[in-house]
Protein chains: 2
Amino acid sequence: MGTKQFSGLPEDADLARADSLAREIFADVANKWAFLIIEFLGERTLRFSELRDEVEGISHKMLTQNLRMLERNGLVERDVHPTVPPRVEYTLTEAGQALRATVDGMCGWTRQYLGHIESSRDRFDA
Amino acid sequence: MGTKQFSGLPEDADLARADSLAREIFADVANKWAFLIIEFLGERTLRFSELRDEVEGISHKMLTQNLRMLERNGLVERDVHPTVPPRVEYTLTEAGQALRATVDGMCGWTRQYLGHIESSRDRFDA
DNA sequence: CTGTATCCACTAGGATACTG
DNA sequence: CAGTATCCTAGTGGATACAG
């Protein structure tokens, strides 16, 4: 798409910007905690503490950090109910739901190739 | 799948093992370098040095490290041609190709939501 | 060319304590 | 309950040098 002009300066610049942005997003989102969070939020809206229980092994700090990152990138919506004690709910946005399809795909892939991977590891480690 | 028996000890143990293995695989593969490598290898077989050129910004060390990891998990096949100088080619296995579909999905997702994400970031950072 | 090893700076991330 | 801040350690990852 976008046939390049003869000198093409503005378009090249735009492409470079988009590329580096895409890189950044990739680096942000392609990590195990983000994937797990997205996976759980895909099923339903969850509170902070519920998420911490579901995503086994995640620390308080990592959870807030990843949630902020996902919120910043517009994948997660944060709803604060000003009650006492406070109640904060996290929901996937449309963009988040769309990405969830990808994450689901990877979960399915893992299940499908579990055996293959396990035997490959055994072979390699020998 | 797999209806649980009354005491169900072996099956529970198996499920737990499979789960923790899946976690491990997730942690291995869900990282930006692995994804980028898989993406490039999806198009064609590449040599070590070609990969280093394609995957911009990756260090020598990270590249070997990730390639070993992918080989160990059976996603990438490593072919050594005993010439001088040596020539080593990396190819996606069937499992690797299958995962590539997922990675592709994520690339597409990034392109599709680039605008949404960028504006969300701007809003958040303000 | 491909790969390993060593060194070193840096940051990721856990534990803890404290606020609203 | 949710979130921030501080400290501190273990591991990540870059640069470099060297070997096959």
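On a predicted model such as this, the values are computed, not experimentally measured, just so you know.
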Check: In the 5'-to-3' direction, what one-character label does each nucleotide of nucleotides 1-20 of chain D receive under the scheme B = base within less than 4.0 Å of a protein heavy atom, S = sugar-phosphate only, - = no such atom?
Finding: BSBB--------BB-----B
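- B:M69 has its CE atom 15 Å from the P atom of C:dG3, to the nearest Å.
- In this structure, B:R52 has no salt bridge (charged side-chain N to carboxylate O under 4.0 Å, His left out) partners at least two apart in sequence or on a different chain.
- Within the structure, the salt bridge (charged side-chain N to carboxylate O under 4.0 Å, His left out) test picks out the following pairs touching residues 65-74 of chain A (sequence neighbours left out): A:R72-B:D125.
- The CG-P distance, from A:D28 to C:dA12, rounds to 11 Å in whole Å.
- Scored by the salt bridge (charged side-chain N to carboxylate O under 4.0 Å, His left out) test, A:E24 finds B:R121 as partners (sequence neighbours excluded).
- Taking atom CG of residue A:N66 and atom C1' of nucleotide C:dA12, one finds them 12 Å apart after rounding to whole Å.
- Applying the ring-ring contact (aromatic ring centres under 6.0 Å, His included) criterion to B:H60, with sequence neighbours excluded, gives B:F48.
- Under the 4.5 Å side-chain criterion, counting only non-hydrogen atoms from C-beta, B:L92 is in contact with B:I38.
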Listing, residues 78-87 of chain A side-chain donor-acceptor contacts under 3.5 Å, not counting sequence neighbours, or none:
| residue | atom | partner | partner atom | Å |
| --- | --- | --- | --- | --- |
| A:R78 | NE | A:Y90 | OH | 3.3 |
| A:H81 | ND1 | A:R87 | O | 3.2 |
| A:T83 | OG1 | A:P85 | O | 2.9 |
| A:R87 | NE | A:E89 | OE2 | 3.4 |

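- Taking atom NZ on B:K32 and atom P on C:dA12, their separation rounds to 12 Å, with Å as the unit.
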